[in-house]
Each structure stands twice: as structure tokens, then as C-alpha cells.
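Please read the structure below before turning to the comments.
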Amino acid sequence: MASTSPKKPAPRETGEQQPPGQPGPHDIAPPSAWLLVLELRAFWEFGALLPSWPLLARAPEGDGHAVMVFPGLSANDVSTVPLRHYLQSLSYKAWGWEQGFNLGPRTGVIDEARARLTRTFESSGRKVSLIGWSLGGVYARELAKELPHMVRGVITLGAPFSASHKSTNAWRIYELASGRSIEREAENYDLPAAPPVPTTSIYSRTDGIVAWQGSIQSPCTSNPHTENIEVVASHIGLGLNPSAWWAIADRLAQAEGQWRPFAAEDKGQKGRIHGLIYPDPVRNR
């Protein structure tokens with residue numbers, strides 16, 4: 001993550017501690033070659049949207065506020081069209097980032113994203129929700145840290161923010177596309193620190209690009225409104241996955257200032273089905 005004026009790392013949040021017995025950020029290996037091959041199932045996830053639509057359409061209606069969606073590394077707004085169309089069907093004003101392919105935070109990229117967020121906030125008079133897929137999620141989190149008075153909440157999909165750059169299978173692609181050293185860039189930011197707004201990280205243990213541990217938001221003393229939601233998905237399919245879409249719709253529908261964690265019902269068949277779709281929705285919250 002970078003901007004035209006790099007920041008020094010903020011002091012590490014005292015409430016964000018490595019759980020006992022868990023590997024440190026530099027000990028996490030990238031997903032295995034087998035999981036990388038399984039990324040091909042993203043086509044199945046996209047195909048599952050049509051039969052899932054009757055259920056997805058029953059998600060809570062939105063209140064019309066603006067939602068900005070950031071694509072992942074080497075992707076553009078075309079990749080987020082299905083998700084944005086779904087959000088628009090729920091009455092949100094969903095926008096892409098409108099900067100072409102995401103080839104990393106090159107000169108002017110973060111400045112333009114900041115300016116677009118500012119324009120959207122000022123024209124609507126309402127806070128904006130930010131959704132970021134993979135690297136786009138890193139952008140969303142950092143913008144929310146910089147401009148929290150403009151951001152209603154942040155939702156990330158497989159974003160690599162809490163582990164070393166070598167915990168992904170995409171760091172070499174990042175350096176090739178952006179022309180930057182990812183390790184040097186990361187030194188300018190405290191990526192694991194949570195934004196001071198409601199923040200949800202949607203992740204998958206079968207992610208073939210980003211090690212799932214790198215998408216876990218640790219408990220934060222300064223912002224208790226953080227959570228992790230596990231779904232069964234590929235990395236490439238996270239933004240096309242029906243269960244991820246339902247979780248996104250559920251999070252966006254919360255009234256401003258009335259955030260509650262995403263959780264399955266404690267009892268009954270509904271809770272058991274929910275638990276199959278979202279295997280461990282409250283882990284490390």
C-alpha cells in the first residue's frame with residue numbers, strides 16, 4: 001500500500017496481539033500448490049449465483065447509501081460488476097473504483113481513490129461503505145484510517161493485511177505489476193491495525209492465493225466493531241460467491257451506529273444450516 005506521501009507506521013495497537021501458540025506473521029507459508037490449482041472452482045462459484053438468486057434477493061433492503069468497490073490485483077471494475085449489480089438491486093448506489101486495472105498503488109492511484117471517496121461523500125451528504133477484494137481491501141482499510149469521518153464501514157474479501165508479504169502467492173506479481181518492492185511499501189503502514197470504523201474481513205481457509213491467517217483481524221481494544229467471517233470459497237471466487245454476497249448484504253444493511261456482529265443462530269435447523277455455510281463466523285472476533 002502506498003501513496004504519494006508515505007506515512008510512518010503508526011504505533012501497534014496494544015489490543016492486537018498474536019494469539020498464544022499461533023505462528024507469527026513471518027512464519028505463515030503461502031497456500032499450497034493444491035489450493036492454488038483449486039482456484040479453478042471460481043467458475044463454479046459464479047455459476048452458483050443463478051440458482052442462489054431467489055435466496056439472495058431476500059437479503060435486507062438497503063437504505064440507498066453509496067458503496068465503493070475496489071477490485072483485486074491485476075483486475076478491473078469488470079470483475080466487480082456482478083457484485084455491484086446485486087447491491088444495486090438492494091437499493092445501494094454501488095460504484096467501481098474507475099481507475100482501470102489495479103496494478104498496485106502506483107503514483108496517483110491512492111490520490112484518485114481518496115478524491116473519489118471525498119466527492120461521493122460530499123455529493124451525497126452521507127458516509128460511504130467501502131468494499132475491497134484482495135489488494136483492493138488493503139486500499140479500503142487504509143482510506144478508512146485516513147478519512148474515518150467519511151466511511152460508514154469496511155468489508156474486505158481475502159485481503160492480505162495481517163501477515164508478511166510472502167504469505168501470498170501473488171507478491172511477485174504485485175512487484176512486477178507495480179514496479180515496487182512490496183516489503184518496502186509495507187514498512188510505510190501498519191496494515192494489521194483496524195480502521196476506526198466497523199470492519200469485516202471475509203476470508204476462506206481454502207483460499208489459494210492469500211494465506212487465510214493473513215486475512216484475520218485480531219481483537220482490537222480501540223475498535224470493538226471488528227469481525228472475521230469465514231466462507232467456503234476460492235480467492236478468485238470470493239467476489240462471486242453467494243455466501244459472501246449474503247454476508248456483505250447483511251453487514252451493509254445495519255443501521256449506522258447500530259453495528260452488531262455477524263453470527264449464526266444458536267439453536268435450531270436455521271443455525272445448523274448457517275453453520276455449514278459459514279463454518280466459523282466469529283473466530284478471533
Side-chain angles (χ1 to χ4, degrees), residues 1-19 25 63 65-70 92 95 97 105 109-111 113-122 124-163 185-203 214-229 247-248 250-263 281-285:
M1 183 69 191
S3 70
T4 54
S5 301
K7 304 176 188 176
K8 293 296 182 181
R12 186 59 55 91
E13 166 63 53
T14 56
E16 296 175 353
Q17 300 176 352
Q18 188 68 31
D63 62 1
H65 77 271
V67 181
M68 289 181 61
V69 186
F70 297 83
Y92 297 103
W95 306 91
W97 83 323
V109 168
I110 304 305
D111 290 336
R114 183 187 303 111
R116 181 160 177 73
L117 170 59
T118 301
R119 289 195 301 269
T120 304
F121 169 75
E122 292 179 344
S124 67
R126 303 177 66 183
K127 292 183 178 181
V128 181
S129 290
L130 305 180
I131 299 175
W133 192 349
S134 194
L135 177 61
V138 178
Y139 295 170
R141 287 170 59 92
E142 294 305 308
L143 284 173
K145 294 176 191 178
E146 183 178 348
L147 302 169
H149 62 289
M150 298 184 185
V151 179
R152 179 163 170 162
V154 174
I155 301 172
T156 61
L157 302 166
F161 57 81
S162 64
E185 290 295 311
E187 290 176 352
N188 293 321
Y189 297 87
D190 185 7
L191 297 181
V197 298
T199 301
T200 297
S201 173
I202 298 176
Y203 73 98
S215 298
I216 294 296
Q217 179 67 66
S218 298
C220 179
T221 55
S222 62
N223 179 11
H225 297 163
T226 62
E227 63 182 347
N228 306 293
I229 301 176
I248 290 171
D250 179 88
R251 302 292 78 200
L252 291 177
Q254 296 180 106
E256 189 172 351
Q258 297 182 26
W259 186 89
R260 295 182 63 185
F262 182 84
V282 294
R283 179 181 177 85
N284 289 333
R285 193 186 69 238

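Computed from a predicted model, the values in this text were never measured in an experiment.
Of all heavy-atom pairs spanning Pro148 and Val197, the tightest one is O-CG1, 3.9 Å. Shortest non-hydrogen contact noted between Pro160 and Leu135 is CD-N, 4.3 Å. Between Thr226 and Ser218, the shortest heavy-atom distance links the atoms OG1-O, 4.3 Å. Residue Asn223 comes nearest to Pro198 through the heavy atom pair ND2-N, 4.5 Å, listed as atom of the first residue, atom of the second, then distance. Taking all atoms of both residues into account, the shortest heavy-atom contact from Ile216 to Phe161 is O-CE1, 3.6 Å. The nearest pair of heavy atoms linking Pro192 to Ser162 is CG-CA, 4.2 Å.
The distance from the CD atom of Gln254 to the CZ atom of Arg152 is 9.0 Å, given to the nearest 0.5 Å. Here the CG atom belonging to Asn228 is positioned 10.5 Å from the OG1 atom belonging to Thr199, to the nearest 0.5 angstrom. Annotation: the span from Ile131 atom CD1 to Ile202 atom CD1 amounts to 8.0 Å, rounded to 0.5 Å. For the atom pair Trp133 CH2 and Ile155 CD1, the distance stands at 14.5 Å (nearest 0.5 Å).
A donor-acceptor pair under 3.5 Å is formed between the side chain of Arg141 and the backbone N or O of Leu191. In this structure a side-chain-to-backbone donor-acceptor pair under 3.5 Å is present from Ser215 to Ala159. In this structure, the side chain of Glu142 does not engage the main chain of Pro195 through any donor-acceptor pair within 3.5 Å. Using a distance-only test at 3.5 Å, with no hydrogens or angles considered, no donor-acceptor pair links the side chain of Tyr203 to the main chain of Gly214.
Between Asp190 and Lys145 no salt bridge is recorded (no basic side-chain N to carboxylate O distance below 4.0 Å). Here Arg126 does not pair with Glu256 in a salt bridge; the nearest charged N to carboxylate O distance is not below 4.0 Å.
Contact of the Thr118 side chain with the Met150 side chain is registered, since non-hydrogen atoms from C-beta on lie closer than 4.5 Å. Between Leu130 and Leu117, some side-chain heavy-atom pair lies under the 4.5 Å cut-off. Residues Phe121 and Leu147 have side chains not in contact (no heavy-atom distance under 4.5 Å, counting atoms from C-beta outward). Side-chain atoms of Thr200 and Phe262, non-hydrogen and from C-beta on, never get closer than 4.5 Å to each other. Under the 4.5 Å side-chain criterion, counting only non-hydrogen atoms from C-beta, Ser129 is not in contact with Tyr92. Within the 4.5 Å cutoff, the side chain of Leu143 has no heavy atoms near those of the Met68 side chain.
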Subject >> Residue pair Leu157, Ile248: steps toward the side-chain contact (heavy atoms from CB on, under 4.5 Å) verdict >> reply: CA-CA 10 Å; Leu157 302 166; Ile248 290 171; 4.1 Å; yes
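Looking at residues two or more places apart in sequence or on another chain, you find no side chain to side chain donor-acceptor pair (under 3.5 Å) involving Asp250. Among residues two or more places apart in sequence or in another chain, the side chain to side chain donor-acceptor pair (under 3.5 Å) test is passed with Arg260 by none. Partners of Arg116 under the side chain to side chain donor-acceptor pair (under 3.5 Å) rule, at least two apart in sequence or in another chain, are Glu98.
Remark: Trp97 CH2 is packed, more than 12 non-hydrogen atoms of other residues, nucleotides or ligands lying under 6.0 Å away.
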